[in-house]
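Notes to accompany the following structure.
Just so it is clear: chains get the letters A, B, ... in the order the sequence lines come, proteins before strands, and each one is counted from 1. Computed from a prediction, not measured in an experiment: that's the story for all the values here.
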Number of protein chains: 4
Amino acid sequence: MDAPHGPRPGRPRSERVRLAVLEAAADRLIEGGLAAASIEAVAARAGVSKVTIYRWWPSRGALAIDAYFHRYRQTNEFEDTGDLARDLSTQIAALVTAFRGRAGGVMAELIGQAQSDPTLGDVLRSRWLAPRRQATAAVLRRAAERGEIREDLDLDTVMDQLYAPIYYRLAMGHAPLDDGLAQRVVQGVLDGIRRR
Amino acid sequence: MDAPHGPRPGRPRSERVRLAVLEAAADRLIEGGLAAASIEAVAARAGVSKVTIYRWWPSRGALAIDAYFHRYRQTNEFEDTGDLARDLSTQIAALVTAFRGRAGGVMAELIGQAQSDPTLGDVLRSRWLAPRRQATAAVLRRAAERGEIREDLDLDTVMDQLYAPIYYRLAMGHAPLDDGLAQRVVQGVLDGIRRR
Amino acid sequence: MDAPHGPRPGRPRSERVRLAVLEAAADRLIEGGLAAASIEAVAARAGVSKVTIYRWWPSRGALAIDAYFHRYRQTNEFEDTGDLARDLSTQIAALVTAFRGRAGGVMAELIGQAQSDPTLGDVLRSRWLAPRRQATAAVLRRAAERGEIREDLDLDTVMDQLYAPIYYRLAMGHAPLDDGLAQRVVQGVLDGIRRR
Amino acid sequence: MDAPHGPRPGRPRSERVRLAVLEAAADRLIEGGLAAASIEAVAARAGVSKVTIYRWWPSRGALAIDAYFHRYRQTNEFEDTGDLARDLSTQIAALVTAFRGRAGGVMAELIGQAQSDPTLGDVLRSRWLAPRRQATAAVLRRAAERGEIREDLDLDTVMDQLYAPIYYRLAMGHAPLDDGLAQRVVQGVLDGIRRR
DNA sequence: AAGTAATCGAGACGGTACGTCCGGTCTTCCT
DNA sequence: AGGAAGACCGGACGTACCGTCTCGATTACTT
């Protein structure tokens, strides 16, 4: 897929331009949301021609999500200390904290945009959701092996129960992403899945 | 605010026009999503002038949500049979069923749009979320009074646990809104909150 | 065609805008030729939106020719003094003089553009050529009636002989539109068509 | 200018490429006029890089005219049989015939383009007009020596009278380039310049 | 054989203009 | 006052060419 083809013919893509576009897009995104990250505006801000952006990103959403990941390329480590409640709380609290900042609004808009842009949905699922869910699933599996939680669980459903409330509040805004949220959610889920 | 002014001066608002607009908007919404329900397009389809729409609806989102409720004005009854698990399952299964059809896509787009349109968020919360949550809260309260579930619960958190997975799947599309979903979710939540 | 329809519904067309566009287009046309009279540039200069221009003029050429006639709306009178040689010379000399100024370059470009824009050709023929040829034909007909020139002439060919050299020099630029040109051309033609 | 430099260093220009470009340009020119003969399109069609074209031709017009001459490299012989009327008619009729075909439209567009491209005008005059006018002038001069026409004539004006009507009709399109045109024009001119 | 020099294909890039869509606002007349 | 019709500005869209640029590969002539 990305095997080093050796030097391809033609002028190579300018890394300078790639970065300028991503930075400009991230800036606009944070300043004024997705609406402000129009191709036109990003091109102007980055000092780059529109065509160049269109050559590399198929849509505003695709660019926005690249810019988002570029700006918020987080470590995304998931410690496995053996204390399931603590590990899950830590991980989810980190998500809550991130979403409380500007990144939350941007992510909410990206999810919103994905409703009318299937490609964007794909990217979101594969680059954002999937890694987090895989890490979480691993932790849960090990907890099951340790006998801490039941073994007959549908992990996908469990993870929905863990993550959904965060995204739900983010998207609907009916309640804040408060400090205790992560803890409460994890507690509620564990109450249901713990071995008795 | 809505005191009966008695017959106000001037030409009264045309009910015919109101309906034509809502029907046209709903049609476009279903055919092509929010993007297709532009004020321009709806006006053309309804045979109505743009200004008339602007007079009565502040934005595309506001119009869309009105059209949504106009088309899918559902009964939204919530039976309280005394069997908590059944009542909750019934209610949530109804939501899942509704979201599986075209209404789901539209609702997803409306939630998406609300991310950049605070007014739309308000309407969504007050006219869509709130009634459902109030009915659900009443049922839960009565179950607590009957001693079926713990009394120290934060009902808001419980309702998040009940509803969030549905919206989460709707919005992220990482997993289908399958038939057993409602039952599984309710089961999971009850496992955690039932009196032991 | 332009019967007074009575007051048509809707906001009436703004005369201010119409004039601003024509003046701006004429300015650009004279400053930098057809190339400078881009819709974009004219809109900017006139303080008018592009869409407004597109609503009223189908193409750059159509706008340019309107602007040309707006700026150079000449009297186009053709005196018939009874002295054929003088009348023709006067008329053609006026054309030569006009074409020697900036109007010449613009007209040349318009004719050029008409080669790839049939609509523009139509306008040019009906609004520019036809009136001049009709007036000239009338003068020639009266001269024939007076017995000054032969009566068996194909007037269209005669008029081609009169006008063609002017446009030929304008378009090809192989020789100047000098002062004596009109006189020489008329003399040459009359030598051939005068009654002997 | 084109002295044989002897073998210059470096890779010699590829004749294959030169021909491919000219053929491609001529094709596009005939299919869709000057507009279709964009450098971009010609390069694509010829399987040649844009830069290569830019290296050898300064502009679209220059390329177009080269392509025109390449495709329509005509013999351009001018017989001098001693019969002036016939010789002129033959020559001009050949021009009319050529212009009636596709070459006419192309030539018209080239003349049009020359209005905003001085270089193109130069090429048109030196490579197209001049040779024809020189041959015609020679014929006329010999006729004057034979005493067939007046000797005090300004040959440039006479040639304008001969050729202008053809180009005039080509450019303005107000009348067709019909069969008798050449004959009529020559007759008209000779009527005026013949010795009496 | 190594070096030098030009040609060529491929393709990235900034820029200008294109013609279109939609959002909002406005003006006018009609009901 | 409500409503239809439609003109208007502004902003963005996605596309077409322009002319320039950076590469690597090729093809000759010159030491």
Side-chain angles (χ1 to χ4, degrees), chain A residues 6-14 16-18 35-44 46-56 58-60, chain B residues 8-14 16-18 35 37-44 46-56 58-60, chain C residues 6-14 16-18 35-36 38-44 46-56 58-60, chain D residues 6-14 16-18 20 35 37-44 46-56 58-60:
Chain A
R8 288 197 294 114
R11 177 177 175 174
R13 176 171 182 189
S14 159
R16 208 206 86 245
V17 162
R18 197 185 69 88
S38 68
I39 303 277
E40 201 108 1
V42 172
V48 147
S49 102
K50 280 200 296 176
V51 178
T52 301
I53 297 186
Y54 282 114
R55 198 192 315 281
W56 300 109
S59 69
R60 179 196 299 220
Chain B
R8 288 197 289 122
R11 178 174 173 180
R13 176 171 183 189
S14 158
R16 211 206 81 247
V17 163
R18 195 184 72 88
S38 68
I39 303 274
E40 201 106 6
V42 171
V48 147
S49 101
K50 279 201 297 175
V51 179
T52 301
I53 297 185
Y54 280 114
R55 198 190 317 276
W56 301 109
S59 69
R60 180 196 298 220
Chain C
R8 288 199 293 115
R11 178 177 174 173
R13 178 172 180 190
S14 159
R16 210 205 84 245
V17 162
R18 196 184 70 89
S38 69
I39 303 277
E40 200 108 8
V42 170
V48 147
S49 102
K50 280 200 295 177
V51 179
T52 300
I53 297 186
Y54 280 113
R55 197 193 314 280
W56 300 110
S59 70
R60 181 196 298 220
Chain D
R8 288 198 291 121
R11 177 177 175 176
R13 177 172 181 188
S14 158
R16 209 206 84 248
V17 162
R18 196 185 70 89
S38 68
I39 304 275
E40 201 106 5
V42 171
V48 149
S49 102
K50 280 201 297 174
V51 180
T52 302
I53 297 186
Y54 280 112
R55 199 191 314 279
W56 302 109
S59 69
R60 179 196 299 217

Reading DNA chain E from 5' to 3', where do the contacts with chain D start and stop? Cut-off is 4.0 Å to heavy atoms.
dA5(E) to dG11(E)
Using both pair distances under 3.5 Å as the test, note the stems of at least 3 consecutive Watson-Crick or G-U pairs that include DNA chain E.
E:1-31 with F:1-31
Which residues pass the side-chain hydrogen bond (donor to acceptor under 3.5 Å, both in side chains) test with Thr52(D), not counting sequence neighbours?
Ser49(D)
The correct set of residues in residues 48-55 of chain D placing a heavy atom under 4.0 Å from DNA chain E is Val48(D), Ser49(D), Val51(D), Thr52(D), Arg55(D)
How is Arg18(D) classified with respect to the nucleic acid when contacts are heavy atoms under 4.0 Å: base, sugar-phosphate, or nothing?
nothing
On DNA chain E, check which nucleotide each of Arg13(A) and Glu40(B) is closest to and give me the residue with the more 5' one.
Arg13(A)
Produce the list of close N/O pairs, under 3.5 Å, pairing protein atoms with atoms of nucleotides 26-28 of chain F; give distances to one decimal.
{"unit_1": "dT26(F)", "atom_1": "O2", "unit_2": "Arg11(D)", "atom_2": "NH1", "d": "2.9"}

Judged by nearest nucleotide, the residue sitting upstream toward the 5' end of DNA chain F, Ser59(A) or Ser14(C), is Ser14(C)
Considering residues at least two apart in sequence or located in another chain, which fulfil the side chain to side chain contact (heavy atoms under 4.5 Å, CB included) criterion with Arg18(B)?
Arg13(B), Glu15(B), Leu22(B), Trp57(B)
Atom pair CD1 (Ile39(A)) and NZ (Lys50(A)), whose distance is rounded to the nearest 0.5 Å:
9.0 Å
In whole angstroms, how far is the P atom of dG19(F) from the CH2 atom of Trp56(D)?
18 Å
May I ask you to say what Arg60(C) touches in the nucleic acid, namely base, sugar-phosphate or nothing, with a heavy-atom cut-off under 4.0 Å?
sugar-phosphate
Residues in side chain to side chain contact (heavy atoms under 4.5 Å, CB included) contact with Ala46(D), at least two apart in sequence or another chain:
Ala20(D), Val21(D), Ala24(D), Val48(D)
Supply the atom-to-atom distance Glu40(A) CD to Ser38(A) OG, rounded to the nearest 0.5 angstrom.
6.0 Å
Assert: residue with more 5' nearest nucleotide on DNA chain F, out of Ala41(A) and Ala37(D), is Ala41(A)
